[in-house]
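Everything numeric here is computed off the predicted structure, so don't read it as measured data.
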Amino acid sequence: LSTNLAGLLDGTAGDLALFLRQTSRNLKQLALQALDALLLAPSTCLSASVCAVVAQEAAGLLTDGDLHLAQLTLSLLHSLLLKAEATHQQAVAAEPVRGHVYPRMLQLARSPLLSGQALQAKLRLFQSLTRTLTASGAAQQNFFNEVIADLYGSSPSASVSKHGLSNLSKCIAAVCLCDCIAAPLREQFLLRLVADVEANSESTQQLALLSLGEVGQHSPLLWRVVRAGSGQDLQELLLQCFLSAKLSDDVKQAAAYCLGHVAAGSMDTFLPAILQALPHGKQPQQKEALSQQEQQQQYLLLAALRDAISVHAACERDFHLHAPAVLPVLLEQCEEGAGEAAEESVKNIVAECLGLLTSMPGMAADVIPTLLALTQPAAGQRGGGKIVANTLKVALARPQSPAAEPLAAVMGQFLPLLENSDLEVKRAALLMVNTAIHHNPSVVAAFLSRPITPVLLETLRVKMERVVDLGPFKHKVDDNLPLRKVALTCVESVLDSPLLQIDAEAVMAVMPTALADKEDIKLQAHQVLVKLAQYGPAAVAAGLDSLIDPLDRTAMKKLPTQTPPAGSNADNNAMQSHTNAPEHERALELVRSAVKVIATLNRITADAGAAGISVRWQEFVKKVKLSELTASHFQLAVEADRKTLIDSSAY
């Protein structure tokens, strides 16, 4: 509507703002949304009273205790400043926002919890506040120096966490890149950042490097500014950080972040330097002989390359011109010698780079043939299979990924990785399938009935136990346990997906085995069983008898004692009781979970009208209801299940 709501804004803004003091979260949320809508609606002017009351009451919600409310508050204040700018009333909004909101913004900027949409709203507010205060008559240089001093300071506190420093650097870049800031002021500050790369304070070095990176990804000519102002070569300065023995790992990682993001803003200048510094063109023996320092440099360079690719992927920039130079260097890390000698972290970061490249629009066709080549037996023996699986996991982690359609056409050629004899490769392939089920189910939909489901169910049946001799005692290890966990997670993900189907009877056939497995598998199997009953109640009802024995052993298991019996050894017993307290809690959690499954299965199969529920199952449920060990747990489970049903029916 084009109705002028100026009168309504003046009359109701104060009342709505006062709602922000109430304890009800829903009321605060609705009040923020209503105020935002009023400010965005057409109106002739903003009154000083509206600006004052909105700024004063909203400022109290700028905390990291509730990031959703903080995001709504930041969006509201951004709308307030936009309205002031549109109606040329910056002076009206400047004073209350600077007085009430600005101090809270500085506190929130250092929070390690700030992320996602709340962080983006925070950056927009910093830029709009900078424009408003500059246009309201404040001296541009004085304000810029003030806000930079508040955010950057002469020496950032060492108590600020790594993520807090990252958030600070993003806020600094938002102010520094604001179009209302004169170029000389910006360049002077950038030269200060370059100088602080060699500061004595580790937190100052990190913040300087992170800030340079955030500015550099949006400023293609940053390196020229640095060279003209300080005479230093920025890329040489950053590469020297990798080799310095005096710098900590955190500072070196910040330097890699800076190099990658600056490279994203000026690929033609920085990408060749990164690729040239990476070890390539060497014989396998030379790669295996890399020193620890060279291996660390290799990892940092790959991290910088990953960040440059990540910025291109996030901003949907074209990468086709750079792919011919990047792909061969990445693939060389998978070759014999490099693949076996490289650390696991290097392989993982190579997979991240390849996955990001695959996920870019139009890039999958360039990368897929290379990935297929790496799945061949000769390549798989060199660790290529795991890199391929991790690459596909990264490429499919983005919902509606541009790589989904081309990967769906060739996914059948990657799925043999699920049956690889190397357990690490097989686990990586299972994780890739789970990611696809979650975010891009169309990629695996055609292969779910075969070969994916048979592999999942067979994995749940297999145990690979071996005895490890630890000297004084022996320890039994099951190498297939991590794979069973992932396989069960895949089954649960399919049951959660409305777009995929699975054979409920086949899954039901392996549930008794899962229910008799290790504790972690049991707890996970309980959740899967409840979802399976909702998905296919008839299949579950037909197999209820097979569940009785494993559920009975779990639900009726005697818990470890917590109170020492009376006697002469009371002190020793008390010590043993204290030691067994965590074990008691784990056992109690398992009993509650099993009883909850029994109660839920009993209700679902009864509600579904499943025919032929056995007398044995009914007697088992009756036993659980009446047993002293489980009666109270069963009653609580029934009440919780009933409450869940009522809450779900309300929606």
K.L.:
What closest approach, in Å, do Val101 and Ala55 show between heavy atoms, and which atom pair accounts for it?
P.N.:
CG2-O, 3.8 Å
K.L.:
Quick one: does Ser111's side chain have a donor or acceptor within less than 3.5 Å of a partner on Leu108's backbone?
P.N.:
no
K.L.:
How long is the gap from CD1 on Ile148 to CZ on Arg186, to the nearest 0.5 Å?
P.N.:
10.5 Å
K.L.:
Quick one, Leu271 with Leu305, criterion side-chain contact (heavy atoms from CB on, under 4.5 Å). Give me CA distance, side-chain angles, the key distance, then yes/no.
P.N.:
CA-CA 8 Å; Leu271 182 60; Leu305 181 58; 3.7 Å; yes
K.L.:
Any salt bridge (Lys or Arg N to Asp or Glu O under 4.0 Å) pairs touching residues 141-150, not counting sequence neighbours?
P.N.:
Arg98-Glu146
K.L.:
Kindly write out the residues that satisfy side-chain hydrogen bond (donor to acceptor under 3.5 Å, both in side chains) with Asn200, not counting sequence neighbours, or none if the list is empty.
P.N.:
none
K.L.:
So, using salt bridge (Lys or Arg N to Asp or Glu O under 4.0 Å) as the criterion, who are the partners of Lys485 when residues are at least two apart?
P.N.:
Asp520
K.L.:
Between Arg592 and Leu636, is there a side-chain heavy-atom distance shorter than 4.5 Å?
P.N.:
no
K.L.:
Sorted by first residue and then second, give each salt bridge (Lys or Arg N to Asp or Glu O under 4.0 Å) pair with at least one member in residues 45-65; sequence neighbours left out.
P.N.:
Arg21-Glu57
K.L.:
Just by distance, do the side chain of Asn440 and the backbone of Ser401 share a donor-acceptor pair under 3.5 Å?
P.N.:
yes
K.L.:
If I compare all heavy atoms of Val444 with all of Ala436, which pair ends up nearest, and what's the gap?
P.N.:
CG1-CB, 3.8 Å
K.L.:
Look at atom CD of Glu95 and say whether more than 12 heavy atoms of other residues, nucleotides or ligands are closer to it than 6.0 Å.
P.N.:
no
K.L.:
Can you check whether Thr435's main-chain N or O pairs, donor with acceptor, with His439's side chain at less than 3.5 Å?
P.N.:
no
K.L.:
Before you tell me yes or no, could you show the steps for Leu74 and Lys122 under side-chain contact (heavy atoms from CB on, under 4.5 Å), namely the whole-Å CA-CA distance, both residues' side-chain angles and the distance that decides it to 0.1 Å?
P.N.:
CA-CA 6 Å; Leu74 292 165; Lys122 180 65 172 293; 3.9 Å; yes
K.L.:
Of the non-hydrogen atoms in Ala397 and Pro399, which two are nearest, and what is the gap between them?
P.N.:
O-CD, 3.5 Å
K.L.:
Hey, mind stepping through Thr73 and Leu77 against side-chain contact (heavy atoms from CB on, under 4.5 Å) and telling me if it holds?
P.N.:
CA-CA 6 Å; Thr73 305; Leu77 295 167; 4.1 Å; yes
K.L.:
Within this structure, what is the OG-CG distance for the pair Ser442 and Leu499, rounded to the nearest 0.5 Å?
P.N.:
8.5 Å
K.L.:
How would you list all residue pairs meeting ring pair (Phe, Tyr, Trp, His ring centres under 6.0 Å) that involve residues 184-212, not counting sequence neighbours?
P.N.:
Tyr152-Phe189
K.L.:
At what distance, to the nearest 0.5 angstrom, does CG of Leu20 lie from CG of Leu30?
P.N.:
11.0 Å
K.L.:
What pair of heavy atoms forms the shortest contact from Leu16 to Ala34, and how long is it?
P.N.:
CD1-CB, 4.0 Å
K.L.:
Can you give me the closest heavy-atom contact between Ala264 and His312, atom names plus distance?
P.N.:
O-CE1, 3.6 Å
K.L.:
Under 3.5 Å, is there a donor on one side chain and an acceptor on the other for Glu85 and Thr132?
P.N.:
no
K.L.:
Rounded to the nearest 0.5 Å, what's the gap from OG on Ser266 to CG on Leu234? Could you check?
P.N.:
10.0 Å
K.L.:
Going by heavy atoms in the side chains, are Leu301 and Leu239 under 4.5 Å from each other?
P.N.:
yes
K.L.:
With heavy-atom distances below 4.5 Å as the criterion, would you say the side chains of Gln120 and Leu123 are in contact?
P.N.:
yes
K.L.:
Contact between Leu488 and Val528 at the side-chain level, heavy atoms closer than 4.5 Å - yes or no?
P.N.:
yes
K.L.:
Side chains of Leu129 and Met105: closer than 4.5 Å at any heavy-atom pair?
P.N.:
yes
K.L.:
Around atom CD of Gln501, are there more than 12 heavy atoms from other residues, nucleotides or ligands closer than 6.0 Å?
P.N.:
no
K.L.:
Which pairs, with at least one residue in residues 314-323 and sequence neighbours excluded, count as a salt bridge (Lys or Arg N to Asp or Glu O under 4.0 Å)?
P.N.:
Glu316-Arg398
K.L.:
Measure from the side-chain N and O atoms of Gln89 to the backbone N and O of Ala84, and report whether any donor-acceptor pair falls under 3.5 Å.
P.N.:
no
K.L.:
A quick test of your reading: do over 12 heavy atoms of other residues, nucleotides or ligands sit less than 6.0 Å from CD of Glu639?
P.N.:
yes
K.L.:
Count the heavy atoms belonging to other residues, nucleotides or ligands that lie under 6.0 Å from NZ of Lys596, then report whether that count exceeds 12.
P.N.:
no
K.L.:
Atom CD1 in Ile172, atom NZ in Lys170: separation rounded to 0.5 Å?
P.N.:
11.5 Å
K.L.:
What are the two closest heavy atoms between Cys176 and Leu190, and how far apart are they?
P.N.:
SG-CD2, 4.4 Å
K.L.:
Mind running side-chain contact (heavy atoms from CB on, under 4.5 Å) on Arg603 and Thr600 for me, showing each step along the way?
P.N.:
CA-CA 5 Å; Arg603 191 264 305 166; Thr600 306; 4.2 Å; yes
K.L.:
Is there side-chain contact between Arg131 and Cys178, with at least one heavy-atom pair below 4.5 Å?
P.N.:
yes
K.L.:
Could you tell me whether the side chain of Ser75 and the main chain of Gln71 form a donor-acceptor pair under 3.5 Å?
P.N.:
yes
K.L.:
Ignoring hydrogens and geometry, is there a side-chain-to-backbone donor-acceptor pair from Ser497 to Val494 under 3.5 Å?
P.N.:
no
K.L.:
Under the criterion side-chain contact (heavy atoms from CB on, under 4.5 Å), which of Leu259, Val251, Val262 is the partner of Leu209?
P.N.:
Val251
K.L.:
From Ser128 OG over to Gln90 CD, what is the distance, rounded to the nearest 0.5 angstrom?
P.N.:
11.0 Å
K.L.:
Are Cys51 and Leu80 side-chain neighbours, meaning at least one heavy-atom pair lies under 4.5 Å?
P.N.:
yes
K.L.:
Under a 3.5 Å cutoff, is there a donor and acceptor pairing between the side chains of Gln253 and Tyr299?
P.N.:
no
K.L.:
Is Gln188 atom CD crowded by more than 12 heavy atoms from other residues, nucleotides or ligands, each under 6.0 Å away?
P.N.:
no
K.L.:
Given Asp196 and Thr204, is the side-chain hydrogen bond (donor to acceptor under 3.5 Å, both in side chains) satisfied, shown in steps?
P.N.:
CA-CA 7 Å; Asp196 283 347; Thr204 299; over 6 Å; no
K.L.:
Looking at side-chain heavy atoms only, is the closest gap between Cys241 and Val197 below 4.5 Å?
P.N.:
yes
